[in-house]
Amino acid sequence: MRYYILFGPPGAGKGTQAKQIVEKYHYLHLSTGDLLRQEMAAGTELGKKAAELINRGDLVPDEVVEGMIRNKIASNRDVAGFLFDGFPRTIAQAEALDAMLTEFGGKVDAVLSLTLPDELVYERILHRAQIEGRKDDTDRSIIENRIATYHDKTEPLISYYKGHGNYREIQGNDTIENVFTALCGILDE
Ligand code: ADP
């Protein structure tokens with residue numbers, strides 16, 4: 001069983017690339033953002049709590065996303081692999097993931113890190129707002145908070161994975177096709 005992390009700032013193209021990767025490799029795509037949006041759409045208690053945080057551009061608590069991921073891994077033991085997208089987002093989540101995968105007899109096979117400068121992050125999110133209409137994409141101060149949260153809480157994972165595993169960087173500022181080719185090159189190794 002393979003375990004890959006698709007990593008990068010908001011708007012780096014993780015969702016777009018994840019779709020193409022799972023089509024080609026038949027991995028299970030686990031996007032914590034998508035899972036949380038499903039809870040929000042269903043109006044569950046968890047969804048209501050998450051909505052408040054997400055619509056401010058803050059992270060939801062580690063235990064919440066760790067629990068969602070654990071359930072998905074535990075209930076899908078017959079897939080070729082997993083592609084995590086938007087998880088882990090904090091050092092605590094990365095440590096929890098390492099512990100979980102050890103339990104399931106696996107490890108993070110590679111961290112596929114899409115890079116994108118802040119100016120482009122901002123542009124891409126505003127563009128996506130017009131297409132997808134996500135509330136957290138529409139407001140300047142929310143987007144700024146998400147970018148700041150990324151630098152503060154998520155970017156430290158780069159050194160974590162450089163020290164702990166197979167960290168691979170791909171320029172996100174390229175065509176969808178070129179980024180996909182670069183990702184496949186790593187996945188095919
Ligand atoms: P983006 O396109 O900004 O990367 P996502 O769809 O991955 O957005 O996530 C949207 C929001 O959901 C995040 O801004 C955050 O509030 C919440 N979220 C998603 N994944 C996590 C996570 N692993 N830990 C905490 N919060 C998360």
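This structure is a prediction, so every number in the text was calculated from the model and none was measured. Remember, it's 1-based here, ligands and their atoms both numbered in the order they're listed.
With contacts defined as side-chain heavy-atom distances shorter than 4.5 Å, the pair Tyr160/Asp98 qualifies. Looking at heavy atoms from C-beta onward, Leu114 lies in side-chain contact with Gln17 at the 4.5 angstrom threshold.
Using bins of under 30°, 30° to 60° and over 60° for the plane-to-plane angle, the ring pair Tyr3/Phe84 lands in the parallel bin.
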With a 3.5 Å cut-off and sequence neighbours excluded, list the donor-acceptor pairs that the side chains of residues 176-187 form with protein atoms.
residue : atom : partner : partner atom : Å
Asn178  : ND2  : Asp174  : OD1          : 3.0
Asn178  : ND2  : Thr175  : OG1          : 3.3
Thr181  : OG1  : Glu177  : O            : 2.9

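For ligand 1, the protein residues within 4.0 angstrom (heavy atoms only) are Pro10, Lys14, Thr32, Gly33, Leu36, Arg37, Ile54, Asp58, Leu59, Val60, Val65, Gly86, Phe87, Arg89, Gln93, Arg128, Arg134, Asp136, Arg146.
Cluster annotation: Phe7 and Tyr27 are assigned to distinct hydrophobic clusters (Ile/Leu/Val/Met/Phe/Trp/Tyr, side-chain heavy-atom contacts under 4.5 Å, transitive).
In this structure, the ring of Phe82 has its center no less than 6.0 angstrom from the ring center of Tyr4.
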